[in-house]
2 protein chains.
Amino acid sequence: MEYTVQVRMNEKLFLRDPESSELGRRIVRQSIMLIADIGFEEMTFRKLADRINTKEASIYRYFENKHRLLVYLIAWYWQWLEYQVIFHTNNLTDPREKLDRILKILLLKNIPQPSFSLGADAIDVSALHSIVIREASKAYLTHHVTEDNRQQLFKPYKDLCGRVAGIILEYRPDYPYARSRASSIIETAHYQAYFMQYLPSLTDFGVQRDVLPSGEDRLLEFLRHLLFSSLNAPLHELPPVHTKR
Amino acid sequence: MEYTVQVRMNEKLFLRDPESSELGRRIVRQSIMLIADIGFEEMTFRKLADRINTKEASIYRYFENKHRLLVYLIAWYWQWLEYQVIFHTNNLTDPREKLDRILKILLLKNIPQPSFSLGADAIDVSALHSIVIREASKAYLTHHVTEDNRQQLFKPYKDLCGRVAGIILEYRPDYPYARSRASSIIETAHYQAYFMQYLPSLTDFGVQRDVLPSGEDRLLEFLRHLLFSSLNAPLHELPPVHTKR
DNA sequence: TTGCAGATGATAGTATTACTATCAATGATA
DNA sequence: TATCATTGATAGTAATACTATCATCTGCAA
């Protein structure tokens, strides 16, 4: 039962395809470890080069700059995640179950990880997940969003949101906010996980070990509650307090 | 009817209180304009100094570094926002109306702006609001969150969330996710506004002018829908699909 | 075997940034 | 008038984010 998830990336994301060479793969794998370790701002191509016994200039042959590398990693994650969504919802008919699975996938729960068994050459999805939580917003919160967007750099994220929005519409065909609902639940999953860990007073789930249910489980329940309460709500049941017109 | 909102800031946020001098106030006011203009990453103390006819070194006498200045601005905004919440919900008894007001305040809608009338020396809250949308997460998504948090730098945000959570509990005393609900709705308000403007396909509200209701109004309706559907939902009506135990 | 191409190594260099240090000028205060 | 705090003015440093150049190595095709 050997298979690999083939992720074909947008060519605008790199100068030379890092998956096409040993060095390129090391750059990607090790940058994930390094960023997960010290954070994106503190990561430099020099440190990365030292870590993988190459030179700064060689890394620049693969990635135009630091930011593009980040965007590449994030894009890879979204494509991987969309694949997981497809894979784990394919056999389901009930859109409600599909949505429930998606929430679990978003928290990286209960996913049999093919990549995890591929040995030293595998991408550490779990480390990448923690990068996405901490750094993903830096990929689009820039002065040059519009230009980056024009180059389709955020397409994987949009595709994922689009797919989730589609399943939302399967569940509730007349739901008028499918896309916003999808992007909101994804973002919420991530920064609530961040808050849980670093600013726990902004959440209702601590990070204490040995408490059941764990923070992660409570976060999952919260996300379920948010998502399904909105999708089940009668629309326009709740008029604005003052209807100015 | 002359009054000023006195905002007393945490002393850890600055080296010398910028509100205590003319230069300090110019640094704060003009940094807002500059960051709103070119973005936080592109802003440098040199550019800021040139703009206000002072020297880089003088700015460093007020703020330890660029990041602290950002944290200061964001903190100021949250304190200002909490004040607005207090002010505009004080006279209300119905917690539902209070929450509705809060959503409007979050989008900076329908707030009679005292600061706007204070002339050249006033903080441009509207510009600051756009900075908060684009840059606020950079204030806490750092390698040194924990240390910054220990210095209470994020207290204004926590206080605001705490206050909103309190009102949520007025509305629904048994709601188990008040704090997460509060932080989620605030974050959602902001990045949905961002997506609406820069990555509109992630939302259901365009930015086209001359369409009624406008994107902003639809965003407000979306937030209302999200918030009240979750607060009105019967809890545990929605058990997980598989209840593993 | 030669020769050539593509990838990498090795070294150097540049502009900018983020910050620090120093001292002189200024202006208010005691 | 002395002094004290603030700012101006200038200089400098270490690190960063790149770019340029050329040598070396490794297949591989003729």
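Just so it is clear, the model here is predicted, and its values are computed rather than measured. Residue numbers start from 1 in every chain, and the chains themselves are labelled A, B, ... in the order their sequence lines are given, proteins ahead of strands.
Among the heavy atoms of the strands lying under 4.0 Å from A:Tyr62 are primed sugar atoms or P, OP1, OP2 only; no base atom is included. Nucleic acid contact class of B:Arg16 (heavy atoms, under 4.0 Å, all strands): sugar-phosphate only.
Counting to the nearest Å, the P atom of C:dT20 and the CZ atom of B:Phe63 are 15 Å from each other. Residue A:Phe14 contributes atom CZ, which lies 17 Å from atom C1' of C:dA7 at whole-angstrom precision. Taking atom OH on B:Tyr60 and atom P on D:dA11, their separation rounds to 19 Å, with Å as the unit. Atom CG of B:Leu69 and atom P of C:dA18 are 12 Å apart (whole Å). Atom P of nucleotide C:dG6 and atom CG of A:Leu15 are separated by 17 Å, given to the nearest angstrom. Here the P atom of nucleotide D:dA5 and the CD atom of B:Glu22 are 21 Å apart, to the nearest Å. Atom CG of A:Asn53 is separated from atom C1' of D:dC25 by 17 Å (rounded to the nearest Å). As rounded to whole Å, 19 Å separates atom P of C:dC19 from atom NZ of B:Lys55.
Contact of A:Arg61 with C:dG6 (side chain to base): no donor-acceptor pair of N or O atoms is detected under 3.5 Å.
B:Arg29 and B:Glu19 are joined by a salt bridge, as a carboxylate oxygen and a charged side-chain nitrogen come within less than 4.0 angstrom of each other. A salt bridge between B:Asp37 and B:Lys47 is absent, with no side-chain N of the basic residue lying under 4.0 Å from a carboxylate O of the acidic one.
Between D:dT7, C:dA21, D:dC18, one nucleotide has an atom nearer to the side chain of B:Thr54 than all others, and that is D:dT7.
Of the side-chain N and O atoms in A:Thr44, none sit less than 4.0 angstrom from OP1 or OP2 of D:dC18. For B:Lys66 and C:dA18, the shortest distance from a side-chain N or O to OP1 or OP2 is below 4.0 Å. A close approach under 4.0 Å does occur between a side-chain nitrogen or oxygen of A:Ser58 and OP1 or OP2 of C:dG9. For the pair A:Ser21 and C:dA7, the criterion of a side-chain N or O lying under 4.0 Å from OP1 or OP2 is not met.
Residues forming a side chain to side chain donor-acceptor pair (under 3.5 Å) with B:Gln151 (at least two apart in sequence, or on another chain): B:Glu147.
When all heavy atoms are compared, the tightest approach of A:Ser58 to A:Leu23 is CB-CD2, 4.0 Å.
Ranked by how close their nearest DNA chain C nucleotide is to the 5' end, A:Glu56 and B:Lys47 are led by A:Glu56.
Looking at B:Glu56, its side chain never comes within 3.5 Å of a backbone N or O of B:Ala49 through a donor-acceptor pair.
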